[in-house]
Chemist: 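First the structure, which I've put down as structure tokens, then a few questions once you've had a look.
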Amino acid sequence: MSTSTGGTPTIPRHMQRDRFAPVAETQAARDEPGFPTIRTAFGTPARLVTRYADVREVLGDAERFSNAVVPPMPLPDGESDADRRAGQLLLQDPPEHTRLRRLLTGEFTVRRIRRLEPRIAEIVDDHLDAMAAAGPPADLVSAFALPVPSLVICELLGVPYADRDEFQGRAARQLDVSRPLEERGRLAMEGRAYMGDLVDRARIEPGDDMLGMLVREHGDDLTRNELIGVASLLLIAGHETTANMLGLGTLALLRAPDQLALVRDRPDAVAPAIEELLRFLSVVHSGIPRTVRHDTTVGETPVSAGDLLVLSLPAANRDPATVDHPDDLDVTRAIAPHVAFSHGVHHCLGAPLARAEMAVAFPALFWRFPTLALGTPYEEIEFRSATVVHGLRALPVTW
Amino acid sequence: MKIEANRDICIGAGNCVLAAEDVFDQDDEALVVVLSDQPSDDQTTEVRNAVAQCPSGALSLVEG
């Protein structure tokens with residue numbers, strides 16, 4: 001693996017997938033004592049944590065395990081580490097993290113998100129109408145899975161949807177760990193410059209959206225860089241994650257027609273099915289980094305101050321200690337405990353939104369196209385695991 | 001069984017509301033509000049799930 005500035009890294013082993021599942025080596029690590037040494041996408045050595053209980057222990061303790069791990073990407077000219085970290089909730093520890101997060105949580109309460117559901121349903125229906133008018137066949141990723149959550153987060157945040165080609169393309173390249181670090185650093189900076197323009201506009205004329213709210217209500221508490229960091233994170237996290245859940249989830253359910261029929265026909269089956277899809281697909285799979293603050297143990301494994309731990313959410317979510325037959329998709333599980341949204345103080349802020357989007361989108365898709373089927377043999381479908389969020393390059397479908 | 005909620009460490013993820021809507025709510029800042037701290041017998045399973053799924057450890061149960 002190359003670690004030099006601008007080098008093209010190989011894809012770390014823990015991000016490699018055998019279609020839906022983590023590769024056998026990662027799955028096997030759960031059964032071995034200790035935490036094996038790996039290399040991250042940045043080439044740095046780390047220790048891989050794969051057991052559900054260990055992953056939860058580390059994520060749940062921000063005092064022993066720090067999140068302030070700045071990715072060792074080369075800095076483009078004119079950028080500082082402080083610029084890069086400002087407002088980036090995922091690179092902060094309490095109390096700084098708590099201050100920033102509390103400015104946002106009110107926007108993502110279960111009640112607030114319920115109020116968005118009629119609009120989400122409209123957006124879903126509009127895209128299904130367009131698919132029906134243009135096809136069959138269709139690429140479900142570009143016709144449905146990506147545009148639906150993109151438009152939802154754009155409206156919520158106050159980002160012009162007309163700019164989607166630009167920010168979707170940039171996000172996809174920025175999250176692609178097989179690209180040179182220099183390029184990813186530059187893309188992140190371009191993304192912040194784009195968001196900087198939107199922030200400046202919102203400061204002059206704050207709209208009726210989240211950027212406008214942040215400017216109006218917290219304009220004095222947040223620097224321009226913090227606003228940019230928060231908004232950039234929400235934009236990327238708001239569309240890449242749910243988009244890949246919708247694409248991969250549709251494929252997984254097409255492979256299990258009885259389960260697909262439950263999601264389509266039984267409203268009370270939808271919420272548990274989404275939890276099971278979150279567990280089974282575990283799309284955020286880049287490995288969550290944490291630095292050990294002082295010598296301690298995780299489960300039965302001693303770790304030392306300064307150790308970098310990388311937590312595999314997909315491996316933890318398939319731990320047989322937690323779930324029976326973890327490699328099977330079973331949407332009828334009474335309870336499917338998972339860490340797909342992480343755990344602890346960094347638990348996904350947008351989880352209620354992601355759940356609501358999926359709860360609307362999956363049944364509507366299967367209802368509209370009862371004969372939905374793969375448009376290409378399963379073996380030919382291209383998975384895309386070299387990105388921070390696991391997904392499909394395309395999902396050809398017909399009906 | 002009594003529910004105890006520590007709003008100082010709550011992070012407003014809302015998992016408890018989704019798990020047991022009759023027992024938990026959120027205020028305007030998303031922090032947990034316990035609607036009934038002594039849930040009925042038929043709410044026990046939901047409440048246990050809510051406590052298990054709380055990401056911040058803000059919820060606990062005192063048995064008895």
Side-chain angles (χ1 to χ4, degrees), chain A residues 52-53 55-63 89 92 94-95 97-114 213 217-218 270-272 274-275 278-279 322 333-356 358-359, chain B:
Chain A
Y52 182 82
V55 166
R56 253 178 81 109
E57 181 181 339
V58 175
L59 289 172
D61 193 338
E63 287 181 10
L89 288 156
Q92 316 259 355
H97 170 265
T98 316
R99 175 184 78 90
L100 282 170
R101 184 173 171 121
R102 289 227 164 149
L103 304 180
L104 300 168
T105 43
E107 301 294 310
F108 292 96
T109 61
V110 172
R111 192 179 297 124
R112 289 289 289 270
I113 297 303
R114 290 236 164 99
M213 177 283 291
E217 294 180 20
H218 306 291
V270 174
I274 288 166
E275 297 310 305
L278 285 160
R279 181 196 73 79
T322 316
R333 292 181 198 276
I335 189 101
H338 66 75
V339 285
F341 285 127
S342 187
H343 180 67
V345 298
H346 292 282
H347 180 282
C348 177
L349 178 68
L353 175 62
R355 284 174 165 132
M358 287 188 274
Chain B
M1 184 171 77
K2 189 170 182 300
I3 302 167
E4 289 187 353
N6 182 345
R7 286 169 44 96
D8 289 337
I9 61 171
C10 173
I11 59 159
N15 286 358
C16 55
V17 183
L18 293 169
E21 197 163 11
D22 297 335
V23 180
F24 300 100
D25 198 356
Q26 290 168 290
D27 66 13
D28 287 345
E29 291 180 316
L31 299 185
V32 62
V33 174
V34 180
L35 299 175
S36 117
D37 68 359
Q38 293 187 327
S40 63
D41 287 348
D42 58 354
Q43 290 170 328
T44 306
T45 307
E46 287 178 4
V47 168
R48 283 188 201 284
N49 287 341
V51 172
Q53 289 163 27
C54 173
S56 65
L59 295 179
S60 52
L61 291 177
V62 182
E63 303 287 342

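To find a chain, count down the sequence lines: A is the first, B the second, and so on, and within it residues start at 1.
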Chemist: Tell me, side chain or backbone of Leu349(A) under 4.5 Å from chain B's heavy atoms, or both, or neither?
Modeler: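 Neither part.
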Chemist: Contact between Val17(B) and Arg111(A) at the side-chain level, heavy atoms closer than 4.5 Å - yes or no?
Modeler: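 Counting from C-beta outward, Val17(B) and Arg111(A) never come under 4.5 Å.
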Chemist: Under a 4.5 Å cutoff for heavy-atom pairs, which residue among Ile113(A), Val339(A), Leu104(A), Val110(A) has the most contacts with chain B?
Modeler: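 Among the listed options, the one with the most contacts to chain B is Val110(A).
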Chemist: If you tally heavy-atom pairs under 4.5 Å against chain B, which of His346(A), Arg56(A), Arg102(A) wins?
Modeler: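 The answer is Arg102(A).
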Chemist: Taking atom CZ of Arg101(A) and atom CD of Glu29(B), what is their separation to the nearest 0.5 Å?
Modeler: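 CD of Glu29(B) is found 13.0 Å from CZ of Arg101(A).
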Chemist: Which value, rounded to the nearest 0.5 Å, describes the distance between Asp27(B) atom CG and Thr109(A) atom OG1?
Modeler: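 If we round to the nearest 0.5 Å, Asp27(B):CG and Thr109(A):OG1 are 9.0 Å apart.
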Chemist: Just so I know, are the side chains of Asn15(B) and Arg355(A) near enough to count as touching, which here means a heavy-atom distance under 4.5 Å?
Modeler: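 A side-chain contact under 4.5 Å exists here.
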Chemist: Checking Gln53(B) against chain A: side chain, backbone, both or neither under 4.5 Å from a heavy atom?
Modeler: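 Answer is side chain: those atoms of Gln53(B) sit under 4.5 Å from chain A.
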Chemist: I need the minimum non-hydrogen distance between Ala30(B) and Thr105(A), along with the two atoms involved.
Modeler: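 Reported closest heavy-atom pair: CB-O, 3.4 Å.
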Chemist: Testing the basics here: between Leu18(B) and Arg114(A), what is the closest heavy-atom pair and its distance to 0.1 Å?
Modeler: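 In this case the closest contact between Leu18(B) and Arg114(A) is CD2-NH2, 3.9 Å.
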Chemist: Which pair of non-hydrogen atoms, one from Pro352(A) and one from Ala13(B), has the smallest distance, and what is that distance?
Modeler: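 That closest heavy-atom pairing would be CG-O, 3.6 Å.
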